[in-house]
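What follows is a short report on a single structure.
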Amino acid sequence: MSSESPTDRASRRTRILSNHLTTSDLQVGGNSLQSNICLSYSPPELHEKIEFEVRKMRELLDVHNLQDRDWLFGLMMQSKLFNPQEKGGKVFVMPDFNHTKEQQREMTMKRIEYLLERGVFDGWLTTRGPETEMRKFAFMETLGIFDQSLAIKIGVHFFLWGGAIQFFGTKRHHDKWLRDTETYRIKGCFAMTELGHGSNVRGIETVATYDPKTDEFVITTPCESAQKYWIGGAANHATHTVVFSQLNINGRNQGVHAFIVQLRDFDGNICPNIRIADCGHKIGLNGVDNGRIWFDNVRIPRENLLNSVADVTPDGQYKSAIQDPDQVIFSCCRFAAFLAPLTSGRVTISLSAIYSAQIGLAIAIRYALSRRAFSFVPNEPEVLLLDYPSHQRRLLPLVAKTYAMTCAGNYLKKMYVKRTPESNKTIHVVSSGFKAVLTWHNMRTLQECREACGGQGLKTENQVGHLKGEYDVQSTFEGDNNVLMQQVSKALLGEFIAAKKKNKPFKGLGLEYMNEPWPVIPSQLTSDILRSSNFQITTLRLRERDLLNRFAAEMSQHQSSGVNKEYAFALGYQLAEDLGRAFSDRIIFETFLNDEGTVSTGPMKDVVGKLRSLYALTCMEEDAAFLRYGYLSTEKAAAVRAEVAKLCSELRPHALGLVSSFGVPGAFLSPIAFNWIDSNAWSSSSA
Amino acid sequence: MASQNSVMAYNDQVLVEEKSLTRILVLNRPKQLNALSYPMISRLLDLFVAYEADPNVKLIILKGNGRAFCAGGDVAAVVHDIRKANWKSGAQFFTKEFTLNYVIATYTKPQVSILNGIVMGGGNGVSMHGRFRVATETSVFAMPETALGLFPDIGASYFLSRLPGFFGEYVGLTGARLDGAEMLACGLATHFVPATKLSLLEEALYKVDSSDSNIISAIIDCYSQQPYLKDQSAYKRSVLSPHSSHFSLDVIDRCFSRKTVEDILSALERESMGKADDWINNTIQSLKKASPTSLKISLRSIREGRIQGVGQCLTREFRMVCHFMEGKLSKDFFEGCRAILLDKDRNPKWEPARLELISEGMVEQFFSRMDDEEWDDLKLPSRSNFVLPRHAIAKL
């Protein structure tokens, strides 16, 4: 492991031990100018310089509702409910993951009640408009920084249950449910997924049959695979749910519809004809009470059908603007509007993934700025982890990506709150791509951070390792990432075919560049060219464009050889997933470049420019498509790689400033991000 | 200004006693309740810096001459200077003062402050950041700046925001006075020693030959008492149920945790309904008397301070205080000084006069860089050559 000989090692140990015995007094007071040979924690704040204004950089990342966020951080830090623990002279807040899942769930609910009492949820469902929506997003992001369970439990109640009432329901539902939801008089959940059907909602097996004699629907779980599964809130707390179910009218299936069903009375007793079971202990998110639900011919009033698109008259006639039953929830024109609750879910998931990556990186980088290992020269002080080029290469490109993806997340949020019927398709495509790319990025970042912290990364209190379990679910819920990537490519293919068939220019999704001639990559890639946004965008577009052409060619080849369309898509998964990523990377780059443009000239702009270059060049370095299809020759790919290393070393001096600008307060990081020697001292271990 | 007067002030206004490895610094302007003048601040900074490098100093005791520890910064003199020259002479005062606060907060040797009598404003800046704060039965703590058209500065956004719950917001916004028992209960003081035992305590501390915090703490413990909180104390909390109680600390937690000053006021008014509670009414009154601009800025400062290190707090407060001295965004500081310190009519005319007239954008301006080429952010002295003790590291 080390080149140190056993004698060297022994003499070093002796030196350290004798130091303990003779000079322990010096460390506290005494001649403090003399540094101690015995390891002492040297806070990065003292030896790292920050050359840009952290406040401004945080504004670039957090953008909106900064005071609201700080207020909410403070609400959590100052309450005993958030489990404050002193470690190394600093207070950290974090759920007690040593609690049983039942205890964790009760704590989550108590925290929600506390936040409710302080007015955090005021206006979440009773006021509308972009301002309210942005504030909600800011709060969700902030809550998720404390605990993903807390954010999800709140998200299910407001965004899924509340959102379903808002979007699928009509005035009578709004009047009846929204206010009571906002005050938590009722607690809602969202029963879509079944044991047998997840992403394919069309295939769900729950049935609702209309009974004109009593003016009621009868909801039934016909078989075990139809049990509702993973329903957050169902196991313990929810009083009501939205149920997605096939609608059967006079023996005819009208497709999937949404209904309101009461699950529990106000004393918490489960209602008749409903059975609920727990989903059990999970690898994370044990603060959320996921449950399973069976409906045994549950009767609900006809008015409980959420009827914004289709309704049933008292005499049992089905009324819908759309003829095809399959199209009610999934019709093209209604698709995005109808699945709006899921879209907002993807926005929140993307953002919470990126904040989780911020937490991981802030911890790993701060640790790497205070932890040393090995010396380059014998008897010299050991070297800070982050002064190893390899450690820089592991963490700094992830910082650059996190910056770029934060900007991308902000772009998505803005687009979502300003949504129009015209922008729905773009929102759907972009949110699908971002959700997949950002959540994958988070998982990868957490794993890298965990490894970068060595054994310390394994301790739950240090977050980075534990967060992997908490966030893993993001890769599959509200759309399996792989499926989402294929959906992105399907949409791009649609654009491609439309443009080619009608011989019309590309418009939307940022594809306009495809109307131009194919670009040429410069033959010599100097450092200046590699760092120019022009080269970067051209190269990222070249990949996307070429992959789309290849994908289209492959699809038409399959179809001309008699393969049906759906199977052709299934066969084309390789290009489809590469294309989905190429599209997302390109938009992420563009949003980052756009935000860079808003920064005024100065040290901060220089740093953002380097991050943007590092983001783009890392994308090129990591995806084999650039070499596979020859967008970059082997020489050029080598030049890219060398530039990545150079950028890492240039960003190294800014590392502390970069992670400080994430705006995650120290209390939400972990002991290894601060004085880890003191927090591990013997005197701290009894507490 | 480098006259004989200021040289004399430099030497006379802070007295130094040497007792073996302990240095006793005495704030010595008893007629002005030891209000910190520029010469005092300069002297203190020089002494602290020198003692840090001096291996023959292990401990610093800071106390006041007369019946006060320190009533604050000499604001009247600052206003006088600004009137005579320009606002930057005022800024100079704060540069020095905040630098001193930072050195104290990150000091490598223990400091024991004897908080006998009044300790307010700038007086807290030279004591609260230190390792040990000894309160007595005569202690009177306050950060009264909002009544003066300013905000709790000297790094108060750091230490107030770290008091339990939302007590810091309460103390910082209302300027409420706390006695020694309350100071100990909320953590502003680390010890409570009866005034009659102070000289014994000091003598014991003269003999110290170590900078070990545990040793010093143990010595002070020998003279400490557990004081009783008075019945009507704002720091009383219900032992039964935090929701149904009328105890002040619970009310403080419910009301001062609200998002805006307006929300805090209306929460207090809701609490006061149907009750003849002097404490709530006084609290509401002190908020209504304070400068609305000060209130909004102070609240935000405490909230930001909660998630910042002490250095960041001081740098930010320096920007804010410069805006107040410049008087472009608000003249409330000058109006407050006029009404409270100069004319003493105690009837300041705040501008804007009502909370709802102050937008978030107006508040924001106080937190941004000064629009002045000659101005720069506060440059804190580098502490990288020192091995800081754990409690100082935790403040960074």
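Within every chain, numbering begins at 1; the chains are lettered A, B, ... in the order of the sequence lines, protein sequences first and strands thereafter.
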I need the minimum non-hydrogen distance between B:S257 and A:R118, along with the two atoms involved.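 What the structure gives for the nearest pair is OG-NH1, 2.9 Å.
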
On a heavy-atom basis, which atom in B:A394 and which in A:G89 lie closest, and how many Å separate them? CB-O, 3.4 Å

Checking heavy atoms, do the side chain of [X], its backbone, both or neither come under 4.5 Å from chain A?
| X | result |
| --- | --- |
| B:S161 | backbone |
| B:L21 | neither |
| B:R306 | both |

If you draw a 6.0 Å radius around [atom1] in [X], do more than 12 non-hydrogen atoms from other residues or ligands fall strictly inside?
| X | atom1 | result |
| --- | --- | --- |
| A:K49 | NZ | no |
| B:E360 | CD | no |
| A:E131 | CD | no |

With a 4.5 Å cut-off on heavy-atom pairs, point out which of B:R319, B:Q312, B:R162 contacts chain A the most.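 The answer is B:R319.
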
Which value, rounded to the nearest 0.5 Å, describes the distance between [X] atom [atom1] and [Y] atom [atom2]?
| X | Y | atom1 | atom2 | value |
| --- | --- | --- | --- | --- |
| A:K90 | B:H391 | NZ | NE2 | 13.0 Å |
| A:F674 | B:I393 | CZ | CD1 | 12.0 Å |
| A:H47 | B:R383 | NE2 | CZ | 15.5 Å |
| A:E45 | B:L388 | CD | CG | 10.5 Å |
| A:E48 | B:S384 | CD | OG | 11.0 Å |
| B:R390 | A:S679 | CZ | OG | 9.5 Å |

Strictly less than 4.5 Å between heavy atoms, which residues of residues 366-373 of chain B line up against chain A? Please order them by number. B:F367, B:R369

Side chain / backbone / both / neither for A:E59 at chain B, heavy atoms under 4.5 Å: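 Contact with chain B: side chain only.
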
Sequence neighbours excluded, the answer for ring-ring contact (aromatic ring centres under 6.0 Å, His included) partners of B:F48 is B:Y107

Which of residues 68-81 of chain A get closer than 4.5 angstrom to chain B, counting heavy atoms alone?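 So the qualifying residues are A:D68, A:D70, A:W71, A:F73, A:G74, A:L75, A:M77, A:Q78.
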
Any residue of residues 658-667 of chain A which, by heavy atoms, sits under 4.5 Å from chain B: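 Within residues 658-667 of chain A, near chain B: A:P665.
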
Do the charged groups of A:R58 and B:E304 touch, with an N to O distance under 4.0 Å?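 Between B:E304 and A:R58 there is no salt bridge, as every charged N stays at least 4.0 Å from the carboxylate O atoms.
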
Taking the side chain as every heavy atom from C-beta outward, state whether B:T106 and A:L46 have any atom pair closer than 4.5 Å.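 Heavy-atom side-chain distance check fails, nothing below 4.5 Å.
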
4.5 Å side-chain heavy-atom contact, A:Q67 and B:E364: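 When only atoms from C-beta onward are counted, B:E364 and A:Q67 do touch, with a gap below 4.5 Å.
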
